Amino acid sequence: HFHLFIIAINILLLCTQRSRLQNLTLTNVSVDWNIFLELLQTIWQSSIEYFNINNFTQLSNIEKYNFRYSGTSMKALALKNILVTDLYFSQDDLYRILADMNIEALTVAGSEMIHMLCPSSNSPFRYLNFINNDLTDLLFQNCDTLIQLEIFILQKNKFESLSKVSSMTRYMKSLRYLDMSSNLLRTDGAEEHCQWTESLKELDLSSNQLTESVFGCLPVNVNKLDLHNNQISSVPQGIAELKSLKELNLASNRLADLPGCGGFSALEILNMEMNSILTPSADFFESCQRVRELEAGHNPFKCSCELQAFVRLERQSGGKLSGWPEAYVCEYPEDLKGTQLKDFHLTELACNTTLLLVTALLLTLVLVGVVAFLCIYLDVPWYTKRRAWHECPEERETVLQFHAFISYSERDSVWVKTELIPNLEKGEGSVQLCQHERNFVPGKSIVENIINCIDKSYKSIFVLSPNFVQSEWCHYELYFAHHKLFSENCNSLILILLEPIPPYIIPARYHKLKALMAKRTYLEWPKERSKRALFWANLRAAININLPVNLSNAVSSSFIFF
């Protein structure tokens with residue numbers, strides 16, 4: 001059957017000699033190695049210039065073959081999806097035939113190729129395409145025979161070292177375009193060893209694992225550079241000076257701002273889409289005056305005064321933003337999410353800090369003047385409404401209803417309910433505690449109820465623990481109790497340290513608590529049972545006060561938590 005196949009090919013070639021057949025494509029071919037080479041040799045000596053084989057399976061063992069390259073019209077050979085069933089063979093027998101072909105273009109794609117030999121002599125290859133194979137950093141190292149190669153595609157392989165890729169190109173004196181996208185490339189800290197050919201003008205390094213250190217290992221004469229979909233978080237200043245770079249793609253990285261053009265003096269096109277830019281620098285267009293097209297859409301823009309300044313500069317630049325306005329949408333703040341930047345506006349007052357401060361100061365002075373006028377000329381007794389609040393408890397005992405108000409975290413409720421409440425409420429000289437379920441007035445806000453409970457209690461007990469400082473409501477309670485302490489100049493706070501609180505976990509808003517614990521004595525809950533009797537005696541002594549009889553009989557013991 002294989003010989004019949006060769007005969008059919010020969011008949012086809014003979015029949016088309018008059019028409020000079022130039023293009024031939026074979027699909028779904030399965031033949032032995034020697035039969036395949038006989039077929040290739042036959043076509044090599046024909047008028048065919050462009051030969052394509054798709055889905056080719058080699059069935060027999062690969063052996064050495066003396067291929068005759070002379071007298072061919074062939075210009076380009078493309079082998080796609082090649083399956084080699086022979087697992088044990090000399091690589092030279094296969095790769096030498098391909099490497100020494102005297103044609104301009106060779107494609108070997110999707111074929112799990114792990115290696116390729118350097119041509120034996122100066123090669124006429126001008127185009128090589130090895131996309132979607134298993135080639136590594138060993139390819140063409142110290143190979144000096146590809147001096148006419150102009151376009152080299154190595155997309156979707158297994159290259160890892162950028163410095164070794166640069167070393168691979170150093171003898172390729174005619175190389176203009178190199179595609180290394182979708183590999184495993186990273187910079188290995190050996191930037192000083194990068195040896196790119198000076199002829200390289202276009203370099204595609206997209207979809208790799210490169211960081212900002214890549215800028216220390218780039219060809220100096222590159223015109224077009226694609227670095228999109230990497231792990232670049234900044235463009236370092238002073239590392240690389242690419243004076244010939246005109247087009248730079250940094251989309252889908254981790255950049256937080258637009259880069260300056262200090263090292264890219266000839267830059268004309270910049271792509272910064274899908275990064276992490278909240279507020280682009282307003283001085284970008286001033287720094288990059290030669291840029292005629294900027295793609296910066298699909299970033300999580302924070303609509304603020306700074307961003308408004310950037311948009312204003314864009315309008316003055318003559319519409320250099322590609323994709324405007326659809327691709328430029330506010331992400332923050334939440335109430336502006338989805339708003340196009342062209343529809344986002346803030347007043348001059350909101351964005352001018354000096355003007356805002358002056359306006360606020362003038363309004364404050366006017367307000368103070370109005371209040372003073374009302375007090376002096378209308379005799380408004382506004383200052384008497386909360387006078388009882390500023391008196392010591394000894395002077396206003398008639399308004400007290402509880403011995404103590406207790407504030408603690410819900411996570412410490414077991415200790416409060418099983419230890420603190422029973423020991424204070426029971427026995428001789430029982431203490432009456434404020435309970436929010438009974439004493440909060442329905443319809444009033446939580447903050448107002450907290451103030452009323454503290455106002456009606458002789459003391460405020462705070463059960464301190466790591467849980468306490470994580471509670472927002474405990475913070476409010478401490479704030480109002482601290483205010484009462486200083487406004488009345490009375491000793492109304494009792495601090496119980498249930499568990500030690502490491503200073504580093506106390507939020508900044510609890511600065512009052514830090515000050516209180518540094519200046520005031522607190523009761524520490526003892527772990528030893530033998531010391532607890534003294535703890536309860538000290539706590540009762542700290543609370544000690546006599547409530548009015550008519551009120552103390554009417555109020556039951558209670559507590560509050562959040």
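Just so we're clear, the structure is a prediction, and the values are computed from it rather than from any experiment.
- Residue Ala266 comes nearest to Arg290 through the heavy atom pair CA-NH1, 4.0 Å, listed as atom of the first residue, atom of the second, then distance.
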Less than 3.5 Å apart, which donor and acceptor atoms pair up between the side chains of residues 96-114 and the rest of the protein, not counting sequence neighbours?
residue, atom, partner, partner atom, Å
Arg96, NH1, Asp100, OD1, 3.3
Arg96, NH1, Cys118, O, 3.0
Arg96, NH1, Ser120, OG, 3.0
Asp100, OD1, Ser120, N, 2.9
Asp100, OD1, Ser120, OG, 3.2
Asp100, OD2, Ser120, OG, 3.0
Asn102, ND2, Tyr69, O, 3.1
Ser111, OG, Ile82, N, 3.0
Ser111, OG, Ala109, O, 2.9

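- The two residues Trp196 and Thr169 have their closest heavy-atom pair at CA-OG1, 3.6 Å.
- Expressed to the nearest 0.5 Å, how far OH of Tyr408 lies from CG of Leu498 amounts to 12.0 Å.
- In this structure, Phe159 has no ring-ring contact (aromatic ring centres under 6.0 Å, His included) partners at least two apart in sequence or on a different chain.
- Looking at heavy atoms from C-beta onward, Ser265 lies in side-chain contact with Lys243 at the 4.5 angstrom threshold.
- The minimum heavy-atom distance linking Leu307 with Thr279 is given by the pair N-CG2, 3.6 Å.
- Residue pairs meeting the salt bridge (charged side-chain N to carboxylate O under 4.0 Å, His left out) criterion with at least one partner in residues 116-140, sequence neighbours excluded, are Arg126-Glu150, Asp134-Lys158.
- Side-chain polar atoms of Ser213 and Thr187 form a donor-acceptor pair below 3.5 angstrom.
- A donor-acceptor pair is defined here as one N or O able to donate and one able to accept, closer than 3.5 Å; no such pair exists between the side chain of Ser233 and the backbone of Leu255.
- Ring pair Phe215/Phe264 is tilted by interplanar angle, where 30° to 60° counts as tilted.
- Residue pairs meeting the salt bridge (charged side-chain N to carboxylate O under 4.0 Å, His left out) criterion with at least one partner in residues 336-345, sequence neighbours excluded, are Glu331-Lys337.
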Would Tyr127 and Asn129 count as a side-chain hydrogen bond (donor to acceptor under 3.5 Å, both in side chains) if you check the C-alpha gap in whole Å, the side-chain angles of each, and the deciding distance to 0.1 Å? CA-CA 7 Å; Tyr127 175 92; Asn129 186 349; 3.1 Å; yes
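- One N or O on the side chain of Asn275 and one on the backbone of Leu250 form a donor-acceptor pair closer than 3.5 Å.
- Rounding to the nearest 0.5 angstrom, the gap separating the OH atom in Tyr50 from the OG atom in Ser73 is 11.0 Å.
- Within a 6.0 Å radius of CD in Glu198, no more than 12 heavy atoms belonging to other residues, nucleotides or ligands are found.
- The CZ atom of Phe462 sits 13.5 Å away from atom OG of Ser409, with the distance rounded to the nearest 0.5 Å.
- Listed by chain and number, the residues in a side chain to side chain contact (heavy atoms under 4.5 Å, CB included) with Lys246 are Glu268 (sequence neighbours excluded).
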So Thr145 and Met172, side-chain contact (heavy atoms from CB on, under 4.5 Å) or not? Walk me through it. CA-CA 8 Å; Thr145 55; Met172 300 176 182; over 6 Å; no
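- If you check the side chains of Ser281 and Asp257, you find a donor sitting under 3.5 Å from an acceptor.
- By the salt bridge (charged side-chain N to carboxylate O under 4.0 Å, His left out) test, Arg254 is found to be paired with no residue, residues two or more places apart in sequence or in another chain being considered.
- Looking at every heavy atom in both residues, Leu200 comes nearest to Pro219 through CD2-CG, 3.9 Å.
- Remark: Thr27 pairs with Thr25, Asn54, Asn55 by the side chain to side chain contact (heavy atoms under 4.5 Å, CB included) rule, at least two apart or across chains.
- Phe301 contributes atom CZ, which lies 12.0 Å from atom CZ of Phe344 (distance to the nearest 0.5 angstrom).
- Note that CG of Leu258 is 6.0 Å distant from CG of Leu294, once rounded to the nearest 0.5 Å.
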Can you list the steps and then say if Met168 with Val165 is a side-chain contact (heavy atoms from CB on, under 4.5 Å)? CA-CA 5 Å; Met168 174 190 70; Val165 170; 4.2 Å; yes
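- Asn223 contributes a side-chain N or O that, together with a main-chain N or O of Ser244, makes up a donor-acceptor pair within less than 3.5 Å.
- No salt bridge links Glu202 with Arg176; every basic N to acidic carboxylate O contact stays at or beyond 4.0 Å.
- Partners of Asp179 according to the side-chain hydrogen bond (donor to acceptor under 3.5 Å, both in side chains) rule, which considers only residues two or more places apart in sequence or in another chain, are Ser181.
- Summarising the geometry of Phe140 relative to Leu128, their closest heavy-atom pair is CE1-CD1, 4.1 Å, with the distance given to 0.1 Å.
- Paired with Leu225 under the rule side-chain contact (heavy atoms from CB on, under 4.5 Å), one option of Leu218, Leu267, Asp204 passes, and it is Leu218.
- Judged purely by atom type and a 3.5 angstrom limit, Asn253 uses its side chain to pair as donor or acceptor with the backbone of Asn230.
- Ring orientation note: the planes of Phe67 and Trp44 are nearly perpendicular, at an angle over 60° on the 30°/60° scale.
- Distance check: Ile151 CD1 to Ile153 CD1 gives 7.0 Å after rounding to the nearest 0.5 Å.
- Judged by distance alone, with hydrogens and angles left aside, the side-chain atoms of Asn157 form no donor-acceptor pair with the main-chain N or O of Leu184 at under 3.5 Å.
- A pairwise comparison of heavy atoms in Met116 and Leu135 identifies N-CD2, 4.3 Å as the closest pair.
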Apply side-chain contact (heavy atoms from CB on, under 4.5 Å) to residues Met180 and Leu185 and explain how you reach the verdict. CA-CA 8 Å; Met180 297 298 305; Leu185 286 175; 3.8 Å; yes
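- Within a 6.0 Å radius of NZ in Lys201, more than 12 heavy atoms belonging to other residues, nucleotides or ligands are found.
- Checked against side chain to side chain contact (heavy atoms under 4.5 Å, CB included), His228 has the following partners two or more places apart in sequence or in another chain: Ser206, Ser207, Asp226, Asn249, Ala251.
- When atom types are taken as modelled, the side chain of Ser276 and the backbone of Ala256 share no donor-acceptor pair closer than 3.5 angstrom.
- For Ser167, the side-chain hydrogen bond (donor to acceptor under 3.5 Å, both in side chains) criterion is met by Gln141, not counting sequence neighbours.
- In this structure, the side-chain hydrogen bond (donor to acceptor under 3.5 Å, both in side chains) partners of Asp412, at least two apart in sequence or on a different chain, are Ser465, Asn467.
- By the side chain to side chain contact (heavy atoms under 4.5 Å, CB included) test, Ser123 is found to be paired with Pro119, Phe125, Leu146, residues two or more places apart in sequence or in another chain being considered.
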